[in-house]
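Owing to the predicted nature of the structure, the values given are computational and were not obtained by experimental measurement. Numbered from 1 within each chain, the chains take letters A, B, ... in sequence-line order.
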Number of protein chains: 2
Amino acid sequence: MAGTLAVVGEKWSLLVLREAFLGVRRFADLQRNLGAPKAVLTDRLATLVEQGILHRVPYQAEGERQRHEYRLTPKGIDLYPTLVALMQWGDRYLAEDGVAPLALEHRGCGAPVHLALVCEDGHALAGAREVRPRPAAVSSR
Amino acid sequence: MAGTLAVVGEKWSLLVLREAFLGVRRFADLQRNLGAPKAVLTDRLATLVEQGILHRVPYQAEGERQRHEYRLTPKGIDLYPTLVALMQWGDRYLAEDGVAPLALEHRGCGAPVHLALVCEDGHALAGAREVRPRPAAVSSR
DNA sequence: CTCCTGGGTTCGTAGAACGAACTGTGCTCC
DNA sequence: GGAGCACAGTTCGTTCTACGAACCCAGGAG
């Protein structure tokens, strides 16, 4: 977990990924939506690419010169639950008007989507208190 | 989501919360386990308390003077899925020996626990691609 | 030829994190 | 009853990072 934070825990990384999940792929759009300094954004994108979370893809729009855009790799897509978890907590505790700014719905069935803790026997867990952490192997650290 | 990151996105906050979920409550233990500078830890604990995520509880161990410890509030406990999400991703992509350093099991049934995306009609979703984001109300932001 | 836009890089400054040293308080042990 | 110790901080000086503004370069449009 510390490792994950080392990879995506820097100030703008997760916000960049949120934009990526919303379909924003181009540098200028990211910069405008986030309001981050360009230098920082450049750096965050570079480390995300380096970590294999984003992929730099060249493309060419009609009547424009070649540019490149940033797309999520499968490794990046697997960060989705993390983003959803942050969103849900924010919706619950920080939504001023009681309305979440972004709703997630199941494509096709239309019902709202949320994260749940489940165990492999199929039980749904109510909360953290039903979970017991168990250290795997006794190693260093 | 940006709000959530503003609250718990600073460098050590989520690590402090991980320790809290593992039962570490005392300043010195946190400081030892995390290796963070004391000044930073003091600051992070103060803001977490201020945000209502931790609670500062005085206690008195036998034969010791009064001290205080930090406990999770319900608001803090609701951050559990976020922590689990980060953990799962780290286990999948960063575990060197292929073994997760910490397993979560369902108290009572013993089966491994993980996070799942579900919709309110009870369908389990395979991944981010089955989710459609829908902006709620068009406001200022 | 000049302007504009996308995607950067290069500054100087302001703020944050770091480690080490210091403070204070209530133990226990000699 | 004084010395030492552990816990919980605070203070201090240095280093690292973020920030905003300015600059650069390429290609297309006017």
Task: Backbone N/O of B/I53 and side chain of B/T73: donor-acceptor pair under 3.5 Å - done: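 The answer is yes, because a donor-acceptor pair under 3.5 Å joins these two groups.
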Please report the distance, rounded to the nearest Å, between [atom1] in [X] and [atom2] in [N].
| X | N | atom1 | atom2 | value |
| --- | --- | --- | --- | --- |
| A/E69 | C/dG6 | CD | C1' | 13 Å |
| A/L30 | C/dT5 | CG | P | 19 Å |
| B/L41 | C/dA20 | CG | C1' | 16 Å |
| A/R26 | C/dG7 | CZ | P | 7 Å |
| B/R67 | C/dT25 | CZ | P | 13 Å |
| A/D43 | D/dT17 | CG | P | 9 Å |
| A/R32 | C/dT5 | CZ | P | 11 Å |
| A/K11 | C/dG15 | NZ | P | 13 Å |

Using ring pair (Phe, Tyr, Trp, His ring centres under 6.0 Å) as the criterion, list what pairs up with [X], not counting sequence neighbours.
| X | answer |
| --- | --- |
| B/H68 | none |
| B/Y93 | B/W89 |
| B/Y80 | B/F21 |

May I have the list of side-chain donor-acceptor pairs in residues 107-117 of chain A shorter than 3.5 Å, sequence neighbours left out?
from: A/R107; atom 1: NE; to: B/R129; atom 2: O; distance (Å): 3.1
from: A/R107; atom 1: NH2; to: B/V131; atom 2: O; distance (Å): 3.2

Task: Side chain of A/P37 (C-beta onward), nearest among C/dC18, D/dC19, C/dT5 - done: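 So the nucleotide nearest the side chain must be D/dC19.
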- [ ] Would you indicate, yes or no, if D/dC19 has its OP1 or OP2 atom less than 4.0 angstrom from a side-chain nitrogen or oxygen of A/W12?
- [x]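 A/W12 to D/dC19 OP1/OP2: side-chain N or O found under 4.0 Å.
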- [ ] Look at B/R44 and C/dA17 and indicate whether a side-chain polar atom (N or O) is within less than 4.0 Å of OP1 or OP2.
- [x]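 So the side-chain polar atoms of B/R44 do come within 4.0 Å of the phosphate oxygens OP1 or OP2 of C/dA17, strictly under.
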Open item on the list: Each nucleotide in nucleotides 9-15 of chain D should get exactly one letter: B, S or -. Can you fill that in based on protein heavy atoms under 4.0 Å?
Closed with: BBB----
Task: Set of salt bridge (Lys or Arg N to Asp or Glu O under 4.0 Å) partners for B/E130, sequence neighbours left out - done: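 Salt bridge (Lys or Arg N to Asp or Glu O under 4.0 Å) check on B/E130 returns nothing, list empty.
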Task: Check ion pair B/D29-B/R32 (N to O, under 4.0 angstrom) - done: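 Between B/R32 and B/D29 there is a salt bridge, with a charged N closer than 4.0 Å to a carboxylate O.
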